[in-house]
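Every chain is numbered from 1, with letters handed out A, B, ... down the list of sequences. Fair warning: this is a prediction, and the values are worked out from it, not measured in the lab.
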2 protein chains.
Amino acid sequence: MRISQLSAASGVPIPTIKYYLREGLLPAGEQTSATRAEYGERHVRRLRLIRALLEVGRLPIAAIRKVLAAVDDETLSMHLVLGTAHYALAPEIESHPDDEAWHEARSETDRLIAELGWRIAPRAPTRDELAQVILTLSRLGLPATGEALRPYAEAAMELVMEHEIGTIPFDRTREEAVEALVVGTVVHGRALDVLRRLAQESTSAQLFGASAASPEE
Amino acid sequence: MRISQLSAASGVPIPTIKYYLREGLLPAGEQTSATRAEYGERHVRRLRLIRALLEVGRLPIAAIRKVLAAVDDETLSMHLVLGTAHYALAPEIESHPDDEAWHEARSETDRLIAELGWRIAPRAPTRDELAQVILTLSRLGLPATGEALRPYAEAAMELVMEHEIGTIPFDRTREEAVEALVVGTVVHGRALDVLRRLAQESTSAQLFGASAASPEE
DNA sequence: ATTATTGGATAGTACAGCTAGCCAATCACT
DNA sequence: AGTGATTGGCTAGCTGTACTATCCAATAAT
């Protein structure tokens, strides 16, 4: 398969494929001569994965590179690959060195995690992300305690336990299992987010009774 | 309150406040002379709201402007304001005019919504977003039927019904209620997303047993 | 009277994610 | 063998987003 066919098969324009090659997202094809390289099914799969992480997961290119490096590193355990994906998903949060409100939000976060009995790395960036959410809620005068978030936490855990673990194909190759894990993390997150907004719209339609809900673009 | 005090009170740098004024995100202060304007508590609140939508909700400036315009339009019902926020949250999805796989994903979406009995505007962008998620899952060979997403849908609906409706202060002014509605949409979405990733990490730690889950930055 | 601050305007920056153009080598076809 | 198209590799340019920086004249504070 040459680059033009790879482009046709994946729907990704040739210049973009070249860009991904330069950026190290896509492994080089097998060189058959100075001006020819052969790409395979694996490249098509990899491109699909890249586009999923980019378009659905909204990960920046640099983060995708790290995730893919972890996927490809055969020495990494499932848990570490998942951790890498989580790192990639967590946005950089500027540090608040001496901000008291920040520390309060952060300890509220740690308390909630402890109460739930969850096993979370002490320095996981996800902790900071949750603290940022709690801080934002409290600044805006909305309920921002761990208690208020507990129903979300419990629902999240139930979904993860009952519907995400089951879909990981442990019986296939490591690469397939690890890819499914990473994609699942990212895409199921968006699925849940979209469904929640749909549930909101439906509830709002019933509560407020409007039939047309289409603001101008 | 002068601009420097507004900056100090909100933590937003003066040039950025000027930028938000130019972009129409922040209403102008009350002019007291040619080179002086007075800002109030409302401006501080508005800045907090902007930062919440920007940093937690990750909405682009242009989308925030639309949402705020809807919040400020007293003639709009709750339902329409929420609809505007949903429009703002949904990313532009390129249209797939004659893509058969796309149409299949789209009808799978519509089928799921119909089966759930949800009231969703036929042209809501959220439908396209869900179709994109389903399409991505199916392309990657993961379960992508409406059935597979049903548990997510049901959990989402339960959370919305039992924990989001209740936190909206209908007893206060319209502006407060509407702001809480918009913020809740955006911030609770992120809260749920973060908690889901935490639940994943905890589950992964138990399943795969590792104690250190900190990949290199 | 002097120094600082303000609003208003214009221009510049930094980053992300492509996109375009060029070139010599080489391939496919006649 | 000749001819046009394609390829990989390279460098440069483009578009959009969210700010920053600078300048200025008017005014306020001391």
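- Straight-line distance from the CD1 atom of B:I14 to the P atom of D:dC19: 16 Å, rounded to whole Å.
- The side chain of B:I61 lies closest to D:dC19 when the candidates are D:dT20, D:dG8, D:dC19.
- Residue-to-nucleotide contacts include no donor-acceptor pair under 3.5 Å from the side chain of B:R58 to the base of D:dT17.
- The neighbour count for B:R174 CZ, taken as heavy atoms of other residues, nucleotides or ligands under 6.0 Å away, is above 12.
- Looking at heavy-atom distances under 4.0 Å, B:Q31 makes contact with sugar-phosphate atoms alone, never a base.
- To the nearest 0.5 Å, atoms CZ (A:R139) and OG (B:S10) are separated by 9.5 Å.
- Counting non-hydrogen atoms of other residues, nucleotides and ligands closer than 6.0 Å to CD of A:E55 gives a total above 12.
- Reading DNA chain C from its 5' end, the first and the last nucleotide to sit under 4.0 Å from a heavy atom of chain A are C:dG17 to C:dC27.
- Along DNA chain C, the nucleotide nearest to A:S33 and the one nearest to A:Y20 differ in position, and the one closer to the 5' end is contacted by A:Y20.
- We find that A:E38 and A:R2 are not joined by a salt bridge, their nearest charged nitrogen and carboxylate oxygen being 4.0 Å or further apart.
- One atom, NZ of B:K18, and another, C1' of D:dC19, lie 14 Å apart when rounded to the nearest Å.
- Taking only side-chain nitrogens and oxygens, A:Y19 never comes nearer than 4.0 Å to OP1 or OP2 of D:dG8.
- Separating the CG atom in B:L26 from the CZ atom in B:R42 is a distance of 9.0 Å, to the nearest 0.5 Å.
- With DNA chain C read from its 5' end, the first of the two nearest nucleotides for A:P13 and A:R36 is the one closest to A:P13.
- At the heavy-atom level, B:L21 lies nowhere under 4.0 Å from the strands shown.
- The environment of CD in B:E176 is crowded: more than 12 heavy-atom neighbours from other residues, nucleotides or ligands sit within 6.0 Å.
- If you check the side chains of B:H86 and B:T126, you find no donor sitting under 3.5 Å from an acceptor.
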Any chance you could lay out the side chain to side chain contact (heavy atoms under 4.5 Å, CB included) test for B:L130 and B:E108, step after step, and finish with the verdict? CA-CA 9 Å; B:L130 185 53; B:E108 188 71 28; over 6 Å; no
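- Atom CE of A:M1 and atom P of D:dG8 are 13 Å apart (whole Å).
- Comparing B:A34 and B:T16 by the nucleotide of DNA chain D whose heavy atom lies nearest to each, the residue mapping closer to the 5' end is B:T16.
- If you take CD1 on A:I64 and OH on A:Y20, they are separated by 7.0 Å, rounding to the nearest 0.5 Å.
- A heavy-atom distance below 4.0 Å to DNA chain D is reached by these residues of residues 2-10 of chain A, ordered by number: A:R2, A:I3, A:S4.
- In this entry the distance linking CD1 of B:I17 with C1' of D:dC19 reads 13 Å, nearest Å.
- Note on B:P15: a base of the nucleic acid sits closer than 4.0 angstrom, heavy atoms only.
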